[in-house]
Amino acid sequence: MIAVQIICVGKLKEAYWRAACAEYAKRLGAFCRFTIEEVEESRLPDKPSQAQIAAALEKEGQRLLQRAQEAQIIALCIEGKELSSTALSEYMQREAVNGCGKLAFIIGGSWGLSQQVKQAAALRLSMSPMTFPHQLARVMLCEQVYRAFQIASNGKYHK
């Protein structure tokens with residue numbers, strides 16, 4: 001059974017986001033070993049300089065990559081490739097068949113992801129050209145991973 005991690009910067013503050021992620025985590029238990037891991041968000045001043053942002057991204061990137069050991073990394077970033085739900089399902093199936101035992105989807109903080117994380121990624125994935133709050137992106141990703149497994153198993157969820 002493949003392992004799927006979502007590794008993200010920061011915690012979910014609102015109970016409704018946590019509840020939504022927990023529901024998808026429960027559903028995903030039938031398909032994979034699913035975990036959501038959070039790394040500490042770097043603290044920045046109200047108006048950070050580019051150097052401060054770059055340093056924060058570097059530190060967050062190191063923490064993210066440390067959690068993704070031995071996993072194929074999928075970095076969520078605006079400049080990534082847009083995939084349909086079916087294409088994501090096919091990608092995940094193909095990687096599992098090719099021997100990938102662990103997929104790590106990485107969501108950065110409000111300033112994005114470091115170049116180090118993006119370069120380590122086997123796939124850079126964009127959910128949309130629109131910008132979403134990171135908490136919502138996490139829930140959306142959980143749903144899409146669940147949908148991908150439902151598509152692969154010909155479940156009734158995806159229509």
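The first residue in the sequence is number 1, and the count goes up from there.
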Query - Exam field: side chain Q52 to backbone S49, donor-acceptor pair closer than 3.5 Å - result: yes
Query raised in the report: Does E14 CD have over 12 foreign heavy atoms under 6.0 Å away?
Result: yes
**Report entry** Residue pairs passing the salt bridge (Lys or Arg N to Asp or Glu O under 4.0 Å) test where at least one lies in residues 93-112, sequence neighbours excluded
**Finding:** none
Query raised in the report: Any idea which heavy atoms bring G61 and V117 closest together, and the distance?
Result: CA-CG2, 3.6 Å
Query raised in the report: Which heavy atom in A68 sits nearest to a heavy atom in Q5, and how many Å separate them?
Result: CA-OE1, 4.0 Å
Query raised in the report: Transitively linked via ILVMFWY side-chain contacts under 4.5 Å: V4 with M127?
Result: yes
Report task. In sequence, state the C-alpha distance, the side-chain angles, and the governing distance for L83 and L125, and then conclude on side-chain contact (heavy atoms from CB on, under 4.5 Å). Result -> CA-CA 7 Å; L83 296 178; L125 179 65; 3.9 Å; yes
**Report entry** Sub-4.5 Å side-chain heavy-atom contact between Y91 and I74
**Finding:** yes
Report task. Show the numbers, then the answer: is there a side-chain contact (heavy atoms from CB on, under 4.5 Å) between V139 and E143? Result -> CA-CA 6 Å; V139 174; E143 191 280 335; 5.6 Å; no
Report summary line: When every non-hydrogen atom of C100 is compared with those of I2, the smallest separation belongs to O-CD1, 3.6 Å
Requested in this report: Would you mind reporting whether I36 and C21 have side-chain heavy atoms less than 4.5 Å apart?
Outcome: yes
Report summary line: Sorted by chain and number, sequence neighbours left out, salt bridge (Lys or Arg N to Asp or Glu O under 4.0 Å) with R67 holds for E37
Query raised in the report: To the nearest 0.5 Å, what is the distance between CG (L141) and CD1 (I107)?
Result: 5.0 Å
**Report entry** Joint cluster assignment, Y146 & M92, ILVMFWY side-chain distance < 4.5 Å
**Finding:** yes
Report task. For the pair S42 and R63, evaluate side-chain contact (heavy atoms from CB on, under 4.5 Å) and give the outcome as yes or no after the intermediate values. Result -> CA-CA 10 Å; S42 295; R63 290 191 288 265; 3.1 Å; yes
Query raised in the report: side chain to side chain donor-acceptor pair (under 3.5 Å): which pairs involve residues 77-90, sequence neighbours left out?
Result: E79-K118, S85-Q144, S89-Q93
Report task. Measure the shortest side-chain to side-chain distance between P48 and W111 over non-hydrogen atoms and say whether it is less than 4.5 angstrom. Result -> yes
Query raised in the report: Do C142 and F34 have side-chain heavy atoms sitting under 4.5 Å apart?
Result: yes
**Report entry** All pairs passing side chain to side chain donor-acceptor pair (under 3.5 Å) where residues 120-142 contributes a residue, at least two apart
**Finding:** E38-R138
Query raised in the report: Should I6 and T35 count as side-chain neighbours, where that means a heavy-atom distance under 4.5 Å?
Result: no
Query raised in the report: Can you find a pair of side-chain heavy atoms, one from R147 and one from Y157, that are under 4.5 Å apart?
Result: yes
Query raised in the report: Do you reckon V39 sits in the same ILVMFWY cluster as L57, going by side-chain contacts under 4.5 Å, direct or chained?
Result: no
Report task. Calculate, to the nearest 0.5 Å, the distance between atoms CZ and CG belonging to F132 and L136 respectively. Result -> 6.5 Å
**Report entry** Euclidean distance, L64 CG relative to K59 NZ, rounded to 0.5 Å
**Finding:** 14.5 Å
Requested in this report: Verify side-chain contact (heavy atoms from CB on, under 4.5 Å) between L76 and I106, making sure each step is shown before the conclusion.
Outcome: CA-CA 6 Å; L76 273 73; I106 297 183; over 6 Å; no
Query - M1 atom CE, over 12 foreign heavy atoms within 6.0 Å - result: yes
Report task. Please examine the side chains of L65 and I73, heavy atoms only from C-beta on, and report whether any two atoms are closer than 4.5 Å. Result -> yes
Requested in this report: State which residues pass side-chain hydrogen bond (donor to acceptor under 3.5 Å, both in side chains) with K26; sequence neighbours excluded, sorted by chain then number.
Outcome: E23
Report task. Using the test ring pair (Phe, Tyr, Trp, His ring centres under 6.0 Å), find all partners of F31 that sit at least two apart in sequence or belong to another chain. Result -> F149
Query raised in the report: Shared ILVMFWY cluster between W17 and V9, side chains joined below 4.5 angstrom?
Result: no
